[in-house]
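So that the names make sense, note that chain A is the first sequence line, chain B the second, and so on, each numbered from 1. We use all heavy atoms of the structure for the numbers below, so side chains are in, but hydrogens, waters and symmetry mates are not.
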Amino acid sequence: MIRKLAGGVYSYLPLGYRTIRKIENIIREEMNRAGAQEIFMPAVQPAELWQESGRWDKYGKELLRFRDRHNRDYCFGPTHEEVVTDIVRNEIQTYRQLPKNLYQIQTKFRDEIRPRFGVMRSREFIMKDAYSFDVDEEAAEKSYNVMFEAYERIFRRCGMIFRAVEADTGAIGGSYSHEFLVTADSGEDAMVYCTSCNYAANLEKAEVAAPEEKPVPEQDMLPAEEVHTPDVRTIEEVSAFIGVSPTDIVKTLIFNADGKTVAILVRGDEDINETKLKNYLGAGSLEMAADDEIMKVTGSPRGFAGPRGIRCSLIADYSIMNMKNFVVGANREDYHVKNCNLGRDVAIPAYADLRTVRKGDRCPRCGGEISFARGIEVGHVFKLGTKYSTAMNAAFLDRDGKEKLMIMGCYGIGVSRIAAAAIEQSHDDDGIVWPMSLAPFQVIITAVNMGDDELSQAAENIYNELITEGLEALFDDRDERAGVKFKDADLLGIPLRITVGAKRLAEGNVEVRFRKTGEVRVIPLSEATGFIRSTVDEETRKIMA
RNA sequence: CGGGAUGUGGCCCAGUCUGGUAGGGCACUGCGUUCGGGACGCAGGGGUCGCGCGUUCAAAUCGCGCCAUCCCGACCA
């Protein structure tokens, strides 16, 4: 079905490509139904556009760059916000021409550090990307919802079990987004969902509810005490040396966000979610602070940082809100402080949700129980806002004659990845089990013995009938033993198989076998085509129900 | 970019340690038998042993360098 040409670069052979075409057509139908218009943009894009949006420098090494013979810079498009925004700003002048939603199905290239799992995470891949342009927030929201619903229809028609989850906007940028994940244990993305309400989010985005603040009464506070902790730096070491649980230690992590130093407090057994922190700070870049920076704000080497007297801004995760008599670093080499308390010893200017959700947390919406699952991301919808229209000045004249920026949204679907995800989600020991809508062929005709003229003629007649009826049929006319043909048909995952054999044929019958269930039905020769027609129609209908 | 492994007919691999005429299985071609869940017999075709340099009478095998691929990590729509 597919063959690798180079790392993360694949050819689609006849059967694989038929499935790709099926997926593309489902997407086309649903996008058109949702009011989007298909276009086709260049895969190769000039550097100027990317410099205009600012992403030429920001996108990093994933962007494949090269020069032409005139030494001009180009890239192979990993996405098309710049190109489509350029088209729209040139073509659209007035609110009368809006809203617009343009999409394309294109080969993209992202120079992944490590492509893996075949076509699941390749460098060159086929993607449908759509871009919406609206006059105001309200209209943009509507466009977003229309796309959201179109996506649900698309994935349902592809026969997939999926879930839409709230997601981080990442490098594309924008105000909010949803990922569509196909549930699969082998999936690369972790998600969290509530078992009582419909809350579902990507793990890096999933919120932790703010706890209720319960100040510790003065009389419960033990006197703070500095203790000598020579060469004791990590949470484990501190915990073992002082003899307290990690849940009684407050960890102080120093980060560098866009060049500014910031200290984050979190309970000793928790980890900071850097995506959340980055978003909270509105930072472009975020990394752990260097040793000299730590020395500057704490006056001590790495391993003894604490909130008391620290010389940089301070933010605390909710996890420390109701702790009492806890241990922190003393900002002095080889010392920690015991029985530290909030209010008395440490003033917290701001609390925030900065850690990753874990088992036992409650749903941030309804307080219900949350559960974890893994999935494969097959689609992503973003509300972009004016990020690109600002950078590239995509404006129009509104009803009142004033110039305004277009509100954008962008919507991607990994076409080649859907094929991989469908196989991942639906296979057995004998091979693929395609849903009717994605199968390269709906039915395969297996002639048990091609050496038998009567039999092979009967099989060919059925094939011609099916084709005439407009069904997608594959005729296995190879001169192979029956067992070989059966195994191959199973491996390919064709949903229906007509077996033409001598015994049944003598009775005027053929067998129809269902790949998914293994069920076999004996059907009179004359009714075979009709039976296949109605089965195909029924399967297609069932998928949408 | 770090750590590990592997490069031998189209595919999977043995042979490398201990240098001495390149092998097996699958696939392919021909003939015969077989023929409803991956048949069998006989006869064939096909390999610069990843590339380069070196050691040696002699290199798939030993040494050095390079390249490619895969796995693990950091990274990431």
Record whether the side chain of Arg497(A) comes under 3.5 Å of the base of G37(B) through a donor-acceptor pair of N or O atoms. yes
Ignoring hydrogens and angles, answer whether the base of C76(B) and the side-chain atoms of Arg121(A) contain a donor-acceptor pair closer than 3.5 Å. yes
Measure the distance from [atom1] on [X] to [atom2] on [N] and round it to the nearest whole Å.
X	N	atom1	atom2	result
Leu455(A)	C35(B)	CG	P	14 Å
Glu62(A)	C76(B)	CD	P	9 Å
Lys485(A)	G36(B)	NZ	P	11 Å
Asp476(A)	G36(B)	CG	C1'	13 Å
His178(A)	A77(B)	NE2	P	18 Å
Asp189(A)	C76(B)	CG	C1'	11 Å
Glu274(A)	A74(B)	CD	P	12 Å
Asp430(A)	G37(B)	CG	C1'	9 Å

Taking the [atom1] atom in each of [N] and [M], what is the distance between them to the nearest angstrom?
N	M	atom1	answer
C49(B)	G30(B)	P	31 Å
G50(B)	A14(B)	P	13 Å
G63(B)	U55(B)	C1'	7 Å
G47(B)	C28(B)	C1'	15 Å
G32(B)	G36(B)	C1'	23 Å
G9(B)	A5(B)	C1'	24 Å
A59(B)	A68(B)	C1'	22 Å
A60(B)	U18(B)	C1'	15 Å

Please work out which of the three classes, parallel, tilted or perpendicular, describes the rings of Phe180(A) and Tyr151(A), given edges at 30° and 60°.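 Tilted, since the angle between the ring planes falls between 30° and 60°.
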Looking at A77(B), G36(B), C76(B), which one has an atom nearest to any side-chain atom of Glu112(A)? C76(B)
Which listed nucleotide (A77(B), G36(B), C76(B)) is nearest to the side chain of Val448(A)? G36(B)
State which residues pass salt bridge (Lys or Arg N to Asp or Glu O under 4.0 Å) with Asp86(A); sequence neighbours excluded, sorted by chain then number.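 Salt bridge (Lys or Arg N to Asp or Glu O under 4.0 Å) list for Asp86(A), sorted by chain: Arg89(A).
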CD (Glu507(A)) with more than 12 external heavy atoms under 6.0 Å: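 Above 12, so yes.
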Any chance CZ of Arg21(A) has more than 12 other-residue heavy atoms, nucleotides or ligands included, within less than 6.0 Å? no
Both atom distances under 3.5 Å, Watson-Crick or G-U wobble: I'd like the secondary structure of RNA chain B as a dot-bracket string, with | for pairs made across strands. (((((((..((((......[..)))).((((((.....)))))).....(((((..]....))))))))))))....
Pick the nucleotide of RNA chain B nearest each of Val484(A) and Asn449(A); which residue has the one closer to the 5' end?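 Its nearest nucleotide being more 5', the pick is Asn449(A).
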With heavy-atom distances below 4.5 Å as the criterion, would you say the side chains of Leu181(A) and Phe155(A) are in contact? no
Where do [X] and [Y] come nearest, in terms of heavy atoms and distance?
X	Y	result
Met288(A)	Leu253(A)	CE-CD2, 4.1 Å
Ser132(A)	Asn101(A)	CB-ND2, 4.0 Å
Lys485(A)	Glu480(A)	CE-O, 3.7 Å

Using a 4.0 Å heavy-atom cut-off, does [X] contact any base of the nucleic acid, only the sugar-phosphate backbone, or nothing at all?
X	value
Arg504(A)	base
Glu377(A)	base
Asp488(A)	base
Glu480(A)	nothing

Whether Arg481(A) contacts A39(B) is assessed here as follows: a side-chain N or O lying under 4.0 Å from the phosphate OP1 or OP2. Is that the case? yes
Donor-acceptor pair, side chain of Asn32(A) and main chain of Arg28(A), under 3.5 angstrom: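 It does hold such a pair.
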